[in-house]
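Each remark here refers to the structure printed beneath this line.
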Amino acid sequence: MNIILLGAPGAGKGTQAAYLVNKFAIPHISTGDIFRSNIKQRTEIGLIAKSYIDKGQLCPDDVTVKIVELRLANEDCKKGFLLDGFPRTVPQAEALSKITDIDYVIDIEIPFERLLHRLTGRRVCAKCGASYHVDFLNGKTTCDCGEELIHRDDDTEETVSKRINVYTQQTQPLIDYYRERGKLISVNGDQAVEAVFEEIVQKLGK
Ligand code: AP5
Ligand code: MG
């Protein structure tokens with residue numbers, strides 16, 4: 001099964017991805033995670049990506065498409081994959097359509113007023129990518145995998161509002177793009193994590 005997770009910053013893509021890859025045993029491909037790992041390793045791609053991510057802007061389409069194309073060529077993607085945060089522009093979606101077929105596009109819907117609190121309170125594991133929220137951490141500062149949790153540099157109030165604007169202008173058009181192609185499944189992201197997951201599984205019919 002080839003799946004795309006679509007949704008605003010903080011909609012819960014990474015959170016639901018963890019459940020979905022576990023259930024369907026497919027690899028989780030998050031372009032955001034790939035860029036952050038490149039930034040950490042100070043690669044050339046990381047240097048380019050950082051200059052965009054820090055400003056809340058999207059990285060260039062050509063760089064992003066190349067990364068995904070290389071990742072999808074891996075053996076583990078033969079049985080399916082879950083794309084999280086890609087595509088994010090119509091040109092990226094068009095490039096993807098030339099690389100592979102997509103079965104489902106899951107759009108996690110969420111009122112924008114929920115996003116600021118979710119993102120400024122988010123803590124992530126720099127090692128395994130797990131996402132938490134301070135509201136539920138009870139003072140805990142480490143991930144279940146043992147690694148220290150961090151606050152993402154782009155999860156400040158100022159950058160989050162820029163990311164939401166970028167989402168509205170460049171990514172939201174993909175909802176219609178995939179609806180017109182009969183791929184879109186919309187789920188309510190404004191409910192408990194487990195309830196969102198149940199709705200996704202039910203709508204996938206799996
Ligand atoms: P990326 O890392 O993909 O960030 P994003 O799309 O902005 O999305 P987030 O990861 O912030 O949110 P999420 O939906 O995964 O939410 P999460 O599950 O963590 O991209 C970062 C940057 O990289 C971009 O800005 C861009 O610069 C660049 N980039 C990446 N892909 C690109 C591309 N294709 N093209 C160009 N540039 C690209 O949840 C958020 C919080 O809410 C957590 O605290 C979580 O615990 C909580 N939460 C989740 N679900 C629920 C729930 N149901 N109820 C209550 N709380 C919840
Ligand atoms: Mg994410």
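Just so we're clear, the structure is a prediction, and the values are computed from it rather than from any experiment. Start at 1 and go down the list; that is how both ligands and their atoms are numbered. Numbering of residues begins at 1 and proceeds along the displayed sequence.
- Taking only nitrogen or oxygen atoms, main chain and side chain alike, R36 reaches within less than 3.5 Å of ligand 1.
- Ranking the protein heavy atoms by distance from atom 12 (O) of ligand 1 puts G10 N, 2.8 Å first.
- Shortest contact from atom 1 (P) of ligand 1 to any protein heavy atom: R88 NH2, 3.4 Å.
- In this structure, the salt bridge (charged side-chain N to carboxylate O under 4.0 Å, His left out) partners of D54, at least two apart in sequence or on a different chain, are K50.
- Given atom 38 (C) of ligand 1, the protein heavy atom at minimum distance is F35 CE1, 3.8 Å.
- Here the side chains of R163 and D155 are in contact, with some heavy-atom distance below 4.5 Å.
- Considering only non-hydrogen protein atoms, atom 8 (O) of ligand 1 sits nearest to K13 NZ, 3.1 Å.
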Next on the checklist: Walk me through whether S37 and Q41 qualify under side-chain hydrogen bond (donor to acceptor under 3.5 Å, both in side chains).
Outcome noted: CA-CA 6 Å; S37 150; Q41 293 166 47; 3.0 Å; yes

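- Open room surrounds CD on E157; 12 or fewer heavy atoms of other groups in view lie less than 6.0 Å from it.
- Residues meeting the side chain to side chain donor-acceptor pair (under 3.5 Å) test with R36, sequence neighbours left out: D33.
- Ring planes of Y19 and F197: tilted class, angle from 30 to 60°.
- Of the candidates V124, T15, L5, T15 brings a heavy atom nearest to atom 18 (O) of ligand 1.
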Checklist entry - Can you check side-chain contact (heavy atoms from CB on, under 4.5 Å) on I185 and D107, steps first, answer last? => result CA-CA 6 Å; I185 291 174; D107 178 38; over 6 Å; no

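- For the ligand labelled ligand 1, residue G7 lies outside the 4.0 Å heavy-atom shell.
- Polar contact with ligand 1: present for G12 (N/O pair, distance under 3.5 Å).
- For the pair R152 and ligand 1, a heavy-atom separation below 4.0 Å is found.
- Within ligand 1, counting atoms from 1 as listed, the ones closer than 4.0 Å to a heavy atom of Q92 are 33 (C), 34 (N), 35 (N), 36 (C).
- Between C59 and ligand 1, at least one pair of N/O atoms sits closer than 3.5 Å.
- Every atom of ligand 1 with a heavy atom of T64 under 4.0 Å away is listed here by number and element: 33 (C), 34 (N), 35 (N), 36 (C).
- Here the heavy atom of the protein found nearest to atom 31 (N) of ligand 1 is T31 OG1, 2.7 Å.
- Within the structure, the closest approach of A11 to ligand 1 falls below 4.0 Å when heavy atoms are considered.
- Atom numbering of ligand 1 starts at 1 in the shown order; those under 4.0 Å from a heavy atom of Q57 are 26 (C), 27 (O).
- Ion pairing between D135 and R123 fails under the 4.0 Å rule for side-chain N and carboxylate O.
- Atom 56 (N) of ligand 1 has its closest protein heavy atom at R118 NE, 3.6 Å.
- Against a heavy-atom cut-off of under 4.0 Å, Y132 is close to the following atoms of ligand 1: 43 (C), 44 (O), 46 (O).
- With a 4.0 Å heavy-atom cut-off, ligand 1 is reached by the side chain of R163 but not by its N, CA, C or O.
- Taking a 4.0 Å cut-off on heavy atoms, A17 fails to register as neighbouring ligand 1.
- Here I53 has heavy atoms under 4.0 Å from ligand 1 in both its backbone and its side chain.
- The contact set between ligand 1 and S131, taken as ligand atoms under 4.0 Å from a residue heavy atom, comprises 17 (P), 19 (O).
- Among all non-hydrogen protein atoms, the one lying nearest atom 34 (N) of ligand 1 is G85 O, 2.8 Å.
- Using a 4.0 Å heavy-atom cutoff, R114 is absent from the residues neighbouring ligand 1.
- No side-chain heavy atom of F81 sits under 4.5 Å from any side-chain heavy atom of V68.
- Contact annotation for R123 and ligand 1: no heavy atom of the residue comes within less than 4.0 Å of the ligand.
- Taking the charged nitrogens against the carboxylate oxygens, K98 and E94 have no contact shorter than 4.0 Å, which rules out a salt bridge.
- For the 3.5 Å distance criterion, the side chains of T43 and N38 qualify, holding a donor opposite an acceptor.
- At a heavy-atom distance under 4.0 Å, no atom of F136 approaches ligand 1.
- Residue contacts with ligand 1 for S30 are absent, since no atom lies close enough (heavy atoms, distance under 4.0 Å).
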